[in-house]
Structure formats: C-alpha cells, structure tokens
There are 2 protein chains.
Amino acid sequence: MGKCEQCIIKQFNSLKTLSQEELIRISECKTSRVVKKGEVIFEEGDSLKGIYCIREGICKLTKLSSNGKDQIIKLVVKGELIGQRSLVSDESVNLSAVALNDMEVCFIPKSEIMNDLQKNTAFTFDVLKEMAMDLKEADDIIVNMAQKSVRQRLAETLIYINDNFGTKSDGTLSVLLSREDFANIIGTATESTIRVLSQFKKEDLITTIGKQIKIIDLEGLKRVE
Amino acid sequence: MGKCEQCIIKQFNSLKTLSQEELIRISECKTSRVVKKGEVIFEEGDSLKGIYCIREGICKLTKLSSNGKDQIIKLVVKGELIGQRSLVSDESVNLSAVALNDMEVCFIPKSEIMNDLQKNTAFTFDVLKEMAMDLKEADDIIVNMAQKSVRQRLAETLIYINDNFGTKSDGTLSVLLSREDFANIIGTATESTIRVLSQFKKEDLITTIGKQIKIIDLEGLKRVE
DNA sequence: TTATGAATATGACATATATCATATTTCAAA
DNA sequence: TTTGAAATATGATATATGTCATATTCATAA
C-alpha cells in the first residue's frame, strides 16, 4: 500500500501540515479502498469512524430534503478530505457522499486525526482555514439559491465546473453529470434543467454531445440573466 | 471598562477556552462600543482588524446579491463572536453586520486573537467546532432554499426564531423583524412575506400586534406544507 | 394633537417554474 | 445486432411567486 509521507495528494489538503512522523503514523493505520461509480462512501446519519482522503475520482455530497429530493451541496475531487466536519463536531454526518466515477479513497481512523488535532496547531489551523472557505462558499450558494433564477444558477454551475474541474481534450466538461445531478445542484426539476440547457444550445452558449456538455461561449454564459 | 476575565458573556463562545492570563491580555487591548439599531458594525468587503464579541443585542449578517437584494444569512445574538471567518482565512469579510436593536459589542484586535489561535490548541479547536456547526446550519439553509416553498420557509423561520430566541412576556417573538427582514431571510419579495403572514393569521397559526408576531399554534406551523 | 413618511396590506396581473404526459434517444445487456 | 430500460427531450397546463399599483395603518417628529 502507498505511503502517506510519499503521497503527493496530501499537498492539496490539510495533511500537508503534518510532520514526517505524524504522516508515518497515519500511513500505518490508514486503509485504501476503491469505490465504484454510484457507490456510497458514507450516508447522512452515519457516525464516521474517521475521515477520507480522495486519491482519485470525484464524488457528490448530498442531503435529503424532507420532500424526498436530494440536494447536491458540493462536488469533491481528488486531493480533498471529506468527513472532517462530522469528526470535529462529534456528530453523525449531515451529508451523504456518492461516487460520480470510479474512485480511490484512503480512510484515516478518527483516533489518529483527533490526536493530531489536539497536538498540532498548524494542522488544526489549516483544517479551520479550509472550513472557513467552505463556509464562505456555502454563504454564496445560499444567496444564489435565494435570489437567482434557474437560468442563472445553471449558467453559474456550468461556469463553476468549467473553472474548477476543467475540460477534456474535446472541450467537453471533464466532470460528467446527469441532467438530474444538475437539477439537484441548482435545486430545480430535471425537466427544467433540460429545458434551460436546450435554450442555451439555441442561444449558442453551449453544445451537447450525448450527455456531455461543451461551453462554446463562456462570456455569454456569464452574462445570462 | 469591564474585564474579560470576569465577563460572563464569554461562557457562550470560544473565548471560554482561554486561560486567565490570555483573557487579561485581551482585556487590556479590547475596546467596547455601543451600536445603535440600524448601525453597521462592518460591511461586506471591509478588511477586519479584529473580531467582535456581542455583549448585548442582536444583529443580522447579510450579503448583497448581484441583483441588488440583501440576503440575511444569519441572526447573531448576545454571547456570539462575529468576524472569525474572515480573520482565519485572512480575507475581507464576505458579510455585512447590521444591528437589529441597540447593541454593545467588544472589539478584540486581530493580533491578539491570532496569537491565541497559534498557541492555544483548545481555543483553535473550539473555534473550529463552532465553524463546523455554522457550516452544518448553512447546508440546511441551502436545502431549504432549494427545495421548500416560501410558505414552508416562513413557517420554519418563525419556529426557528421562537425556539432560539424565545418570546416576550406577552407571547410575541422577542426578536422584532420587519416584514422586509423576513423576506430577506427566506429569499422572497416583501409582499409575498406579508401575504403568507396574512394566510397564517387566517389559519389561526399566528396573530399579529402591529409588527409583532405571536405564534398561537406551533404544531400547526410545523405541519405547514 | 396633527402631519408625514415609512411600513404593512391587498388586488390585479405577469412570469418562472413545477408537474404530468409522451416522444425520442442513448446505452448496456442479452 | 436486437431489445429494453433509463436518460433526455418537448409539449400542455397548473401553480407559486414576483411585480406594480394603490390603500391603509403605524410611528414619530413637529
């Protein structure tokens, strides 16, 4: 199994602040796991026994609304940690994590992480910093949900995915989502999402190849009202 | 001026984890200030030079949407800290803080807080814990905004205020908000808020005395769809 | 007390979005 | 390759909510 102290993935998250010895200790108790597309990593309500470091792939963090619909709160990619919030506040997880493609994740037991959180201020501070960023993003999402139209939210979601996760060689968005996933991100009906995508096509803002989406007028998308 | 080490307010926030010496140091550099109803404590985009501890009163944290409307993200009351997120991520604040009634706040300079964040793990961890709670609440708000009707969101807001901030002796909600404030919390037009409040009155879920609101059927409000 | 502007309230209408029905396409399994 | 289920697409219609106009009430200063 790979060694944490040599793993380049940790550069992208708070684990980078840990010392060589701390990383070796983690390396000795961590477990690695392959998660197939569609598989659940953890589910809302689970009590987590540790956190996950994503070595490969993408997953969605979702929350079930009381009306039975799933809301996607965040997309999480290679390099990021998931499960910290629940560990820190010592509660069951408030979100489910579901793989959007085949993934490889490392599981680090709670005891090891909590130990580092108690002894390594730099680590704690970095986790805090990341959470502060998450909170700011959440605030932005609240405003968007409350104040913007479905058209605007879909345009911004496409731009967000383009800017943060990039495109494939053919120009299509590298994160492949179903229309239903898009609907669950922007908080609307699947049909509405499909309809607005059709409008965007007619307006030459995007093209689609099957379920793949290619942005052809990024500036135009930014101007969508 | 009051002394932090003797102040009971700190029991309600992360400052409680600080040592006597740390509190005395803070006490020596903090400043106290009265904020009148409607006054701005800080504004979106400001770079904060410290954090605020609320000794008395209530304020709203708002964010301006690109369409020009204010969204209220959170109500903050006596005992809580504001400004930590911005300090931690070393960015300008992403929210404005506006007094909803006359307040008394203490300002603690950045340098002092950052010093404690670097040296006192218990303090850092407690700030982290609070932020984890904020993040969870934000996730809940996102789901509500995305999936629930204005009617449901207003009902839940009334319940939230009732449960978290209580009522006066006459039974009216102790946090007094304008209809516009309610609209800005639930992300709707002021007229819609007023209309739904009228419906609630007709359905004997609430009564109003001027702008004051009194819940008369809490269970009924919980069942609103 | 009266006067005046702001907040609250309500109606009429416009519009965005949801819902339900039904094609059509895509893709994987047989 | 064929087949069937799931995903995508589009139409028709219902409904919630926004917008604009206009009363009405309330609070506060003069």
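First the proteins, then the strands, lettered A, B, ... as listed; each starts at 1. The analysis underlying the following values was restricted to heavy atoms, covering all of them including side chains, and did not include hydrogens, waters or symmetry mates.
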K.L.:
Atom CD of B:Gln199 and atom P of D:dA16: how far apart are they, to the nearest Å?
P.N.:
9 Å
K.L.:
State whether A:Lys129 and A:Asp134 are salt-bridged, where the test is any N-O pair (Lys NZ or Arg NE/NH1/NH2 against Asp/Glu carboxylate O) under 4.0 Å.
P.N.:
no
K.L.:
Does a side-chain N or O from B:Ser149 land closer than 4.0 Å to OP1 or OP2 of D:dA16, or not?
P.N.:
no
K.L.:
Which whole-number value in Å describes the distance from A:Leu154 CG to C:dT17 P?
P.N.:
11 Å
K.L.:
Separation of A:Arg153 atom CZ from C:dA16 atom P, in whole Å?
P.N.:
14 Å
K.L.:
Want to settle it: does A:Ala146 or A:Glu180 sit nearer the 5' end of DNA chain D, counting the closest nucleotide to each?
P.N.:
A:Glu180
K.L.:
Output the single nucleotide from D:dT8, C:dC20, D:dG18 whose closest atom is nearest the side chain of A:Lys211.
P.N.:
D:dT8
K.L.:
Contact class for A:Thr188 vs. all strands (heavy atom < 4.0 Å): base, sugar-phosphate, or nothing?
P.N.:
sugar-phosphate
K.L.:
Check the orientation of A:Tyr52 and A:Phe42. Use parallel for under 30°, tilted for 30 to 60°, and perpendicular for over 60°.
P.N.:
tilted
K.L.:
Can you check the B:Ile213 CD1 to C:dT8 C1' distance for me, whole Å?
P.N.:
11 Å
K.L.:
Taking NZ, NE, NH1 and NH2 as the nitrogens, is one of them in A:Glu156 or A:Lys148 under 4.0 Å from a carboxylate oxygen of the other?
P.N.:
yes
K.L.:
Mark yes or no for whether B:Ser96, through its side chain, and B:Glu44, through its backbone, hold a donor-acceptor pair below 3.5 Å.
P.N.:
yes
K.L.:
Going by atom types alone, do A:Glu225 and A:Gln152 pair a side-chain donor with an acceptor below 3.5 Å?
P.N.:
no
K.L.:
Rounded to whole Å, please give me the gap between CD1 in A:Ile194 and P in D:dT10.
P.N.:
9 Å
K.L.:
Specify the separation, in whole Å, of atom CE of B:Met145 and atom P of D:dA16.
P.N.:
19 Å
K.L.:
Please report the distance, rounded to the nearest Å, between CD1 in B:Ile209 and C1' in C:dA9.
P.N.:
18 Å
K.L.:
Does C:dA9 have OP1 or OP2 sitting under 4.0 Å from an N or O in the side chain of B:Arg179?
P.N.:
yes
K.L.:
I need the CZ-P distance between A:Arg195 and D:dA12, as an integer number of Å.
P.N.:
11 Å
K.L.:
Nearest-nucleotide wise, let me know which of A:Gly210 and A:Glu191 is further upstream toward the 5' end of DNA chain C.
P.N.:
A:Glu191
K.L.:
Hey, does the side chain of B:Ser198 come within less than 4.0 Å of C:dT10's phosphate (OP1/OP2), counting only N and O?
P.N.:
yes
K.L.:
State which of C:dT17, D:dG11, C:dA9 makes the closest approach to the side chain of B:Thr208.
P.N.:
C:dA9
K.L.:
If you check every side-chain atom of A:Ala189, which of C:dT8, C:dG11, C:dA18 has the closest atom?
P.N.:
C:dA18
K.L.:
Reading DNA chain C from 5' onward, which residue's closest nucleotide shows up sooner: A:Lys69 or B:Lys201?
P.N.:
B:Lys201
